[in-house]
2 protein chains.
Amino acid sequence: MTKSKLSVEQCATELKAVIARENRRVTSYDVAQVAGVSQSAVSRCFKPGASVSKATYALVMRAAALLDYIPNAAARSLITRRSNMVALIITNQANLYYPELLAELSQQINARGKRVLLFTLQREADVDCVLADVWQYQVDGVIAAARLSAEHIAEFERRRMPLVLFNRMLRDHSVNTVTCDHDEAGRLLVSRLAAAGHRQFGIIAGDADLSVAYERRRGACERIAELGLPPPVIAPGQYDYRSGALGLKAIIAQLGSVPDAIICGNDLMAIGCLDCARLELDIEVPGQLSVAGFDAVEPSSWIGYNLTTLRQPLPKMAASAADLLCARIAQHDTEIEKRVFSAQFIEGATARLTPAGASITAPARSATGLPLPVAIM
Amino acid sequence: MTKSKLSVEQCATELKAVIARENRRVTSYDVAQVAGVSQSAVSRCFKPGASVSKATYALVMRAAALLDYIPNAAARSLITRRSNMVALIITNQANLYYPELLAELSQQINARGKRVLLFTLQREADVDCVLADVWQYQVDGVIAAARLSAEHIAEFERRRMPLVLFNRMLRDHSVNTVTCDHDEAGRLLVSRLAAAGHRQFGIIAGDADLSVAYERRRGACERIAELGLPPPVIAPGQYDYRSGALGLKAIIAQLGSVPDAIICGNDLMAIGCLDCARLELDIEVPGQLSVAGFDAVEPSSWIGYNLTTLRQPLPKMAASAADLLCARIAQHDTEIEKRVFSAQFIEGATARLTPAGASITAPARSATGLPLPVAIM
DNA sequence: TTGTATGCGTTATCAC
DNA sequence: GTGATAACGCATACAA
C-alpha cells in the first residue's frame with residue numbers, strides 16, 4: 001500500500017517535471033496516466049453525477065491533486081457549447097449611481113454557477129464594440145443595464161442569445177426585462193405630496209435619454225395633471241449634484257417664487273437642490289419647500305439630509321434578472337417575461353407629509369397590478 | 001459579376017438553413033465553403049497581420065458577413081493558450097467605497113485588448129472558491145484588489161499566473177503591486193495640521209485588517225510622535241458613516257474634551273464625524289475642531305462638507321496596474337515591480353490650515369523617494 | 001463501470 | 001499567398 005502510494009507520487013513528480021520541461025499544461029491525460037485509468041475516466045470524475053466507482057474516483061482525485069490539475073474551461077465549453085459565462089453590460093453611469101448593483105448581479109450570477117464577463121460602457125455608443133466581444137466569447141447569456149437599440153435586440157434574437165434588460169424598457173419588443181416601476185414611483189411621490197397640501201411642483205428631470213429619468217418624470221407629470229394641480233415647472237438636469245442647484249435656481253427664476261415641492265430625478269440632484277436651498281438661498285426645507293429624490297443612495301440617509309425618496313429593491317431585482325436569464329439559458333423556449341418591481345417609499349424629513357393612506361382626490365394607480373408599497377415608519 | 005454575387009448569397013442562405021437545422025454554430029469551414037477558399041485562409045483573414053491577398057480577404061469577409069460568422073474565442077484560446085481574459089478580484093467593500101475603481105480598471109484592461117472576468121468577494125474568505133474558477137477559466141492574468149494570503153501568492157507563482165495586487169501590500173513577497181502611499185498620506189496630513197497649530201489629535205481608524213486603514217493610521221501616528229506632539233486618542237471604526245459619530249464621541253469621552261483635530265480613516269467616517277459634531281454636538285468645524293478624511297469621495301466635495309481630504313490617483317493607478325499585468329503577460333520574465341503613487345492633498349474647509357510649504361519642526365519624509373505631492377489651491 | 005474513438009472550432013506548421 | 005494536416009484539452013457515444 002505504502003509502496004504503491006509512493007510510486008504514484010514519484011510518477012506524478014516525474015511527470016510534472018516533464019510537463020514543465022515541455023512547457024505545456026497539465027491535462028486529463030496526464031492525470032489518467034498517473035492514476036492508471038483512461039482519460040475519459042478522469043473526465044467523468046470531474047462531472048458531477050457521472051457514474052464512477054469510489055475506487056477510481058479516489059485514484060483520480062489523488063493524481064489530480066498531485067499534479068495540480070484543474071479542468072480547462074475553454075476546452076470544455078468547446079464541446080459542451082456552454083461557457084458558463086454571462087456577460088454583464090453596464091454603463092459607467094449605472095455603476096456610479098448604483099455601486100451595489102454590480103455586486104448584487106455578480107453575486108447572483110455566481111450563485112447560479114456562472115461567471116461574469118464584465119463590459120463597462122463609457123458612452124452608450126460603445127455598445128457595438130462590446131457586442132462583438134460578446135459574440136466571440138461564447139457567453140451563455142447577457143444581462144444589459146444599458147441602452148440597446150432595436151437592431152441590437154434583433155441581433156440577440158438572430159444569434160439566439162438569451163438576454164435580460166435591467167431597468168431598460170423597450171416597448172414593443174419581446175425581451176426579458178426586469179425593471180422598477182419608475183412611472184408608478186413618480187405618481188406615488190406626487191400623490192403623497194399632494195395629499196399633504198403641495199400644489200405647485202417643480203421637477204428637476206434627469207437626462208431625457210434615460211428611460212428611468214423619463215418614466216419618473218412622466219409618472220409625476222401625469223399624476224399632477226390628474227389631480228388638477230397647476231402644471232409643474234420642469235428644469236433639465238444630468239443626474240449629478242450640480243444639476244440640483246442649477247435646477248432649483250432655474251425653477252425659482254421661471255416661477256418667480258419658491259414652489260411648494262421639488263421632485264428630483266435622483267437623490268444626487270435632490271441633495272444638490274437641498275444644499276443650495278439651505279446653504280445658499282436660505283430656504284427652509286421642508287418648512288418653505290419640500291424636496292424629494294429617487295434611489296435612496298447612501299448619503300440620502302445621513303442625518304444632515306434624511307431625504308424623502310424612493311428605493312428600488314435592487315437585490316430582488318438582481319436576483320430576478322439572474323433567475324430569468326438562467327431559466328432561458330437552461331431552456332431556450334421559455335416565455336418572455338417582464339418583471340416589474342415597486343419602489344419603496346422612504347418618508348425622510350425633507351418633505352411635509354401626512355401619514356400614508358390619507359385619502360386624496362383620485363386613487364393612486366398601480367401600473368403593475370401589484371399592491372402599492374406601504375410607506376415605512 | 002452580378003450573377004456570381006447572387007450565387008454566393010444563395011449559397012450562404014442555403015448553408016445557413018442547413019446550419020440552423022443541424023443546430024450547430026457557424027464555423028470557419030462554413031465561411032470557407034461559401035467563399036470558395038480553404039479554412040486556413042479564413043482563419044488568416046481574422047488574424048491581424050497575416051499574409052492574405054486582397055481578393056481572398058474580400059471574398060472571405062463577404063462570406064463571413066453573410067453567415068454572421070464570428071471566430072470562437074474558446075477554440076482560439078485552446079490552441080493559442082491565450083484567453084485574452086483577465087480576472088479582476090475585488091471585494092464588495094472596495095467596490096462600494098471606490099465605485100469608479102472598477103470602471104477604471106475595466107476600461108484600462110479593455111483598452112489593452114483584454115476582457116474582464118469579474119469576481120466580487122462578499123467576504124475575504126471567499127477568495128478560495130474564486131481562485132478555483134480563475135484557474136479553470138484560463139485567464140491570462142489577475143488583478144486583485146483583495147487580500148491574498150502568502151499561500152495564495154505561492155499558488156500564483158506555482159501556476160505561473162501573472163498577478164498584480166492593487167492597494168494591497170504584501171511585505172517580503174515578490175509580487176507586482178500598485179499602491180497609493182497611504183503611510184505617506186497619513187504623515188502628510190499630520191504635518192499640514194501640525195503646521196497650522198493643531199496639537200492634540202484624535203484618530204478614527206478603519207478596520208485594522210485592511211492594510212489601507214492600517215497604513216494611514218500608522219503614518220499619522222508616527223508623524224505625531226516625530227513632531228513631539230501628545231499621543232493621539234484612537235477610536236476604532238469600520239469605514240462607514242456611523243463609525244464617524246461613534247468615534248467622535250468616544251474620543252471626546254476619553255479625552256474629556258474636544259481634540260484639536262480628528263483624522264478619519266476615510267471620508268465616510270469623516271463626514272459622519274462632521275455631521276455629528278455640527279448637528280448633534282454643536283461643535284464648530286473647523287473653528288473648534290478640524291476634521292479630515294481620505295479618498296475624496298464625491299460627497300466630500302459637496303458644499304455642505306467641502307472636506308479636507310487626500311485623493312488617490314485611481315485612474316493612474318488603474319492604468320499602471322493594467323500596464324504591469326499586460327507586460328507580464330506578454331513576457332513572463334519581466335521584473336517584479338512595486339509602483340507607489342502619492343495621494344493628492346485637498347485642502348477643503350473642514351480643517352484650519354496654513355499655506356502649503358510652511359516650515360514645520362521635522363521635514364516630511366517621502367517613503368517612496370518620489371517628490372511629495374504639492375497641495376492644490 | 002470502464003476504455004476507445006471521435007469531434008468541438010480554432011491556430012500553426014509545413015509543403016506547395 | 002494558399003491548402004492539407006496536426007494539434008489544443010475535453011466530453012461523449014458506443015462497445016466492452
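All chains are named by letter (A, B, ...) in the order of the sequence lines, taking the proteins before the strands, and each is independently numbered beginning at 1.
Contact detail for A:R328 and A:P162: the closest heavy-atom pair is CG-CB, 4.0 Å. The two residues A:L102 and B:L118 make their nearest non-hydrogen contact at CG-CD2, 4.2 Å.
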query: Do A:Q93 and A:T91 pass the side-chain hydrogen bond (donor to acceptor under 3.5 Å, both in side chains) test, and can you show the C-alpha distance, the side-chain angles, and the key distance before you say yes or no?
result: CA-CA 5 Å; A:Q93 280 226 330; A:T91 61; 5.5 Å; no

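Among the candidates A:V175, A:V134, A:N176, the single residue satisfying the side chain to side chain contact (heavy atoms under 4.5 Å, CB included) test with A:L163 is A:V175.
Look at B:Y69 and you'll find a side-chain N or O under 4.0 angstrom from OP1 or OP2 of C:dT10. Residue A:S40 places no side-chain N or O under 4.0 Å from the OP1 or OP2 atom of D:dC10. At C:dG9, none of the side-chain N or O atoms of B:S28 fall inside 4.0 Å of OP1 or OP2 (strictly under the cut-off). OP1 or OP2 of D:dG9 has not a single side-chain nitrogen or oxygen of A:T27 nearer than 4.0 Å. Considering only side-chain N and O atoms, B:K54 lies nowhere under 4.0 angstrom from the phosphate OP1 or OP2 of D:dG1. Look at A:S53 and you'll find a side-chain N or O under 4.0 angstrom from OP1 or OP2 of C:dT2. Distances shorter than 4.0 Å separate none of the side-chain N or O atoms of A:S43 from OP1 or OP2 on D:dC10.
In summary, A:E9 and A:R62 engage in a salt bridge, as defined by a charged side-chain N under 4.0 Å from a carboxylate O. One finds a salt bridge joining A:K16 and A:D68 here, because a Lys/Arg side-chain nitrogen approaches an Asp/Glu carboxylate oxygen to under 4.0 Å.
Summary for the helix from C:dT1-D:dA16 to C:dC16-D:dG1: the axes at its two ends, each from 5 pairs, differ by 30° when rounded to the nearest 10 degrees.
The closest donor-acceptor contact from the side chain of B:D30 to the backbone of B:T27 lies under 3.5 Å. Remark: side-chain polar atoms of A:S83 are paired, donor with acceptor, to backbone N or O of A:Q138 under 3.5 angstrom.
Contact annotation: the side chain of A:L101 never approaches that of A:N95 to less than 4.5 Å [non-hydrogen atoms, C-beta and beyond].
Of all the residues in residues 73-81 of chain B, B:L78, B:I79, B:R81 reach under 4.0 Å from DNA chain D with at least one non-hydrogen atom.
Which of C:dA12, C:dT1, D:dC10 sits closest to the side chain of A:T56 comes down to C:dT1. Ranking C:dT10, D:dG3, C:dG3 by closeness to the A:A41 side chain, first place goes to C:dG3.
Between the P atom of C:dC8 and the CZ atom of B:R25 lies a distance of 11 Å, rounded to the nearest Å. A straight line from NZ of B:K47 to C1' of C:dT13 spans 11 Å, rounded to a whole angstrom.
Contact annotation for A:V37: backbone-only contact, meaning every heavy-atom pair under 4.0 Å involves sugar-phosphate atoms and none involves a base. Residue contacts for A:R44: at a heavy-atom cut-off of 4.0 Å it reaches a base atom on one of the strands shown. Base engagement by B:Y29 is indicated by at least one non-hydrogen atom pair under 4.0 Å involving a base atom.
Side-chain atoms of B:Q39 and base atoms of D:dA4 include no donor and acceptor less than 3.5 Å apart.
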